[in-house]
Amino acid sequence: MPSFLDLGVPAPLAAVLAGDGKTEAFPIQQGTLPDSLAGRDLLGRGRTGSGKTLAFAIPLVARLTGATSRPQHPRGLVLAPTRELATQIAATVAPLAKAAGLRVTTVFGGVSQRPQEEALRRGVDIVVACPGRLEDLMKQGVVRLDEVRVTVLDEADHMADLGFLPGVTRILAATPQGGQRLLFSATLDNGIDVLARRFLSNAVSHEVDEASVPVGEMTHRVLEVADAESKKTLVNELASGAGRRILFTRTKHQAKKLAKVLTTAGIPAVDLHGNLGQNARERNLAAFSADPAEGGVRVLVATDVAARGVHVDDVDLVVHVDPPAEHKAYLHRSGRTARAGAAGTVVTVLLPEQRRDVKDLLRKAQITAAIEPVSAASPAVVELIGAKAAYVKPAPKPAAQQPARKKPASGASGSPRQGQRQGQPRQGQGQGQPRHTTGDVAAPAPAARRRRRRSSRPQGTPTTR
DNA sequence: AAAAAAG
């Protein structure tokens with residue numbers, strides 16, 4: 001892999017990255033940086049956990065370096081679908097911005113407007129925002145986007161969804177015509193065409209192929225239980241293993257309830273969903289991100305608010321307690337594990353009546369996984385939660401037996417997993433053909449596909465649209 | 001179809 005310096009990243013920024021142990025660029029970064037640094041509009045697609053944030057953070061900072069934004073007139077803008085993601089992006093941008101003498105602030109709802117307003121009045125170069133509060137501040141005249149030179153849409157396909165589209169469109173329309181626009185997502189499908197057509201010009205599309213991405217192996221399992229009662233038992237067991245795990249539910253209410261049930265059952269869990277105040281959201285996510293050896297909570301129960309972008313180190317298991325409604329949600333939720341070279345397991349808990357929907361879902365997501373019938377404490381489950389599952393007999397010595405949580409990029413609790421992995425996914429590395437052809441997004445939209453944007457290019461080759 | 005994003 002080429003170094004950041006080779007790709008034209010300014011030395012001061014490359015130095016910051018090197019200080020963080022990052023010298024070589026991941027494929028999505030390698031593919032996009034030359035174009036994004038040159039100021040071109042682009043669409044970037046790379047798997048979850050493949051380094052997209054840095055792919056846009058670098059050009060964002062690099063292209064704004066050397067000038068100072070006027071008060072209330074930021075020159076860089078990043079839009080994200082959730083507050084947690086905005087916070088996380090800002091944290092990635094911050095050290096780079098600092099090295100370049102640029103100021104960053106976040107703008108989103110659920111927290112006091114005051115500090116955001118003050119920062120904007122003082123002057124910031126880069127705003128990382130969720131659409132709602134940003135529009136609010138625009139209306140109040142606190143911020144103007146007419147000097148924005150670089151705009152990034154993270155999770156761009158989601159930002160083009162019905163709920164977000166009107167606001168996102170108004171925001172983009174408030175930025176200057178000639179500005180640079182970067183659209184990124186792991187599932188960059190034709191849904192973004194409405195934004196791309198209106199707001200991108202002469203854009204290049206980079207879609208990094210599967211096989212070359214340095215992402216760890218993601219193992220997909222589908223465990224079928226007989227009824228709701230067995231499902232409860234299984235979910236309990238899946239929550240009981242040694243590693244960090246995220247459990248996804250379909251609704252806010254279920255997330256809250258499940259976290260409570262687990263905690264009551266002696267498995268400390270925190271929830272994350274939109275019914276929580278922003279304080280609680282931040283507190284719970286922080287508790288989940290904290291070192292388990294130092295009081296961190298190993299189980300997060302979340303709605304799809306946590307499906308996209310949120311990165312916590314060393315999540316080794318994702319459980320779809322309720323199967324998601326669509327395949328993109330499956331991919332994004334699952335992508336909370338197996339990030340940046342680590343391994344991870346994804347389990348879908350299946351009720352018999354969901355068989356058809358889930359098969360459909362997996363097919364669209366291009367995941368091959370056999371349905372495994374399980375009952376309580378069946379071998380598949382014991383294997384998943386680690387042979388010496390704490391739950392079997394409440395742990396004799398509860399405290400401090402795992403000092404560090406940095407694990408080698410292998411299975412969950414150090415012990416090699418026995419048993420063959422059924423449902424081996426297609427995401428192993430190396431062998432054979434890449435499964436995605438360029439631009440063949442997980443679910444090719446049935447109609448509306450007449451655009452020849454992506455067709456028979458070799459992997460990772462840019463095209464112009 | 002649910003959740004998110006303004007309060």
Side-chain angles (χ1 to χ4, degrees), chain A residues 77-90 106-117 120 127-143 153-172 174 185 187 189 191-192 195 246-259 271-282 284-285 300-310 320-336 348 351 353-354 356-358 360-361 364-365 443 445:
Chain A
L77 174 64
V78 182
L79 291 179
T82 66
R83 299 162 185 174
E84 284 73 17
L85 187 49
T87 301
Q88 187 182 293
I89 291 166
T106 50
V107 166
F108 52 69
V111 296
S112 169
Q113 176 181 314
R114 273 276 283 291
Q116 298 174 2
E117 186 176 340
L120 289 163
V127 169
V128 184
C130 295
R133 176 62 65 83
L134 179 62
E135 274 210 285
D136 201 357
L137 296 186
M138 287 163 66
K139 280 179 203 147
Q140 293 178 44
V142 174
V143 63
L153 251 61
D154 196 13
E155 306 296 347
D157 57 323
H158 196 215
M159 302 302 271
D161 279 353
L162 252 43
F164 280 118
L165 189 59
V168 169
T169 301
R170 286 189 294 267
I171 290 167
L172 285 173
S185 184
T187 51
D189 57 19
I192 56 144
L195 289 176
I246 304 182
L247 280 50
F248 283 101
T249 63
R250 188 84 82 101
T251 66
K252 297 181 273 197
H253 177 69
Q254 282 169 306
K256 177 182 178 171
K257 200 171 101 184
L258 181 53
D271 50 350
L272 184 66
H273 51 80
N275 276 352
L276 295 176
Q278 198 55 29
N279 283 343
R281 281 169 67 158
E282 279 169 26
N284 289 356
L285 187 55
L300 178 70
V301 188
T303 61
D304 281 342
V305 68
R308 286 177 178 253
V310 172
H320 303 277
V321 174
D322 303 312
E326 61 136 11
H327 75 279
K328 288 205 290 178
Y330 179 90
L331 289 170
H332 285 282
R333 284 173 166 195
S334 302
R336 297 319 94 209
T348 303
L351 289 165
E353 62 266 31
Q354 295 169 330
R356 217 178 47 159
D357 287 346
V358 166
D360 195 47
L361 191 82
K364 284 184 182 155

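Chain identifiers are assigned alphabetically (A, B, ...) following the order of the sequence lines, protein sequences preceding nucleic acid strands; residue numbering begins at 1 within each chain. Computed over heavy atoms, backbone and side chain alike; hydrogens, waters and symmetry mates excluded.
- Separating the CZ atom of Arg83(A) from the P atom of dA5(B) is a distance of 4 Å, rounded to the nearest angstrom.
- In this entry the distance linking CD of Gln113(A) with P of dA5(B) reads 17 Å, nearest Å.
- Across all strands, Gly163(A) comes closer than 4.0 Å to base atoms (heavy-atom distances).
- Taking only side-chain atoms of Thr251(A), from C-beta outward, the nucleotide of dA1(B), dA2(B), dA4(B) with the closest atom is dA2(B).
- The CD-P distance, from Gln278(A) to dA3(B), rounds to 17 Å in whole Å.
- There is a side-chain donor-acceptor pair under 3.5 Å between His320(A) and Ser334(A).
- In this structure, Gln354(A) atom CD and dA1(B) atom C1' are separated by 14 Å, rounded to whole Å.
- Taking side-chain N and O atoms only, Thr303(A) has no distance below 4.0 Å to OP1 or OP2 of dA2(B).
- Atom P of nucleotide dA5(B) and atom CD1 of Ile171(A) are separated by 13 Å, given to the nearest angstrom.
- Checked for salt-bridge contact, Lys328(A) and Asp304(A) miss the test: no charged N lies under 4.0 Å from a carboxylate O.
- Residues Gln140(A) and Gln113(A) have side chains that bring a donor and an acceptor to within less than 3.5 angstrom of each other.
- Rounding to whole angstrom units, CG of residue Asn275(A) and C1' of dA5(B) are separated by 14 Å.
- Across all strands shown, Gly110(A) has heavy atoms under 4.0 Å from sugar-phosphate atoms exclusively, and none from any base.
- For the residue pair Pro81(A) and Cys130(A), the shortest heavy atom distance occurs at C-SG, 4.4 Å.
- Taking atom CZ on Arg170(A) and atom P on dA5(B), their separation rounds to 16 Å, with Å as the unit.
- Phe164(A) places its CZ atom 5 Å from the C1' atom of dA5(B), with the value rounded to the nearest Å.
- Residue Arg281(A) has a polar side-chain atom (N or O) positioned under 4.0 Å from OP1 or OP2 of dA5(B).
- Ring pair His158(A)/Phe164(A) is perpendicular by interplanar angle, where above 60° counts as perpendicular and below 30° as parallel.
- Distances shown here put every side-chain N or O of Arg250(A) at or beyond 4.0 Å from the OP1 or OP2 atom of dA1(B).
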